[in-house]
Amino acid sequence: MSDKEKAILRTLVCDPVDNLMIEQLNSNGFEVSYEPTIDTKTLKEKVKDFDVLVVRSRTKVTQEVLEKAQRLKIIARAGIGTDNIDVKFAATKNIHIVTAAGSSTQSVSELSVGLAVSLTRKIPSLDRKSKENVWKKDTGTELYGKIAGIIGFGRIGYATAKVLNAMGLNVIAYDIYQNHNLIEQVGGSYVSLKELLEKSDIIFVQATLTDGSSKLISKNELELIKHGAYIVNTSRSEFIDGPALLHALKDGRVSGYAADVIWNEPPEDEWENEIISMDNVIITPHIGAQTVEAQQRVAQFTVENLIKKMEEIGL
Ligand code: NAD
């Protein structure tokens, strides 16, 4: 199809995105409405007018939203996970989904390592005390020579493992798919989830959330964890049973928890706020991909994949 014949696709961008994304959409002929703070009620009213939705993780594209989407053809997730989209229902309406897979690998893996060091050296709590004029040492632990257990050895898991390996940690991983070539590159090996929990000094949760994979780490699994281990979660909070984690943090089985994700974003439940308030817990507000470089890559990958999909389905 020539450029002249191409349909003008009405596109609703529902979450805050880098300017580059809007520029790239405009320059590729999309007719863009930018509503970065749109709420569910308004989205339900407006969605019927659009061919393309662009969302990050804030906007929930539920069955209720999709039922009103009369002309929607593609949902572009400007990021990685699609757990905020009812993918199954979208498929029944022949609505296609594209993502920006790989765009934030470097940023999220750097954050993961940063959270690990911050947690084991207690950097945030010591910094808070310094600011309160309390000049007092607190002892941490080294990561060198320790066992890092990676749950979900995909792009981010592998990128994190490369850094951890260079820092002198021994890597083990649990994944439902195994890529032996990749794990050998970081001198690691695949193990069962049980073995990973029992052996790791620090656990990194980096898997993709799918139907049925939530609460991978519940009360029973937390009881298997090596006493005093740390957990870093940059993937999704749903992998961990929150109240059970609170209990494990209180009784010392888990020495500390650092996460870029929380069960309700923003937090709502009392137990959730109690976890956040603990001194041995670090929480960042889902900033894994919030770097200049990742946001530019997200914009570029999303628009490229959107155009590829349009060509594929003949739009
Ligand atoms: P990826 O697809 O490359 O890797 C995910 C890995 O998880 C795959 O190897 C897959 O086999 C594995 N997996 C899936 N279900 C599993 C299960 N039940 N148990 C064990 N392993 C399982 O994805 P990626 O690019 O590495 O991203 C991983 C996740 O990181 C994303 O799905 C997203 O949730 C999260 N993420 C977070 C941020 C952030 O801002 N914090 C940014 C990007 C991605």
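Whatever order the structure lists them in is the order used to number ligands and atoms, beginning at 1.
Within the set Ile156, Leu216, Thr284, the minimum heavy-atom distance to atom 30 (O) of ligand 1 is found for Ile156. The residue among Val205, Leu209, Leu193, Asp175 with a heavy atom at the shortest distance from atom 21 (N) of ligand 1 is Asp175.
What sits closest to atom 33 (C) of ligand 1 on the protein, heavy atoms only, is Arg236 NH1, 3.8 Å.
Of all the atoms in ligand 1, the ones that sit under 4.0 Å from a non-hydrogen atom of Ser213 are 18 (N). Heavy-atom contacts of Ala207 reach the following atoms of ligand 1: 7 (O), 13 (N), 16 (C), 21 (N), 22 (C), 29 (C) (cutoff under 4.0 Å). Every atom of ligand 1 with a heavy atom of Val108 under 4.0 Å away is listed here by number and element: 38 (C), 42 (C), 43 (C). If you number the atoms of ligand 1 from 1 as listed, the ones under 4.0 Å from a heavy atom of His286 come out as 39 (C), 40 (O), 41 (N). Close approach to Ala289 involves these atoms of ligand 1, each under 4.0 Å from a residue heavy atom: 40 (O). Listed by number with element, the atoms of ligand 1 under 4.0 Å from a non-hydrogen atom of Asp260 are 39 (C), 40 (O), 41 (N). Distances below 4.0 Å separate heavy atoms of Tyr177 from the following atoms of ligand 1: 11 (O).
Between Gly79 and ligand 1 there is no heavy-atom distance shorter than 4.0 Å. Close to ligand 1: Thr234, with a non-hydrogen atom less than 4.0 angstrom away.
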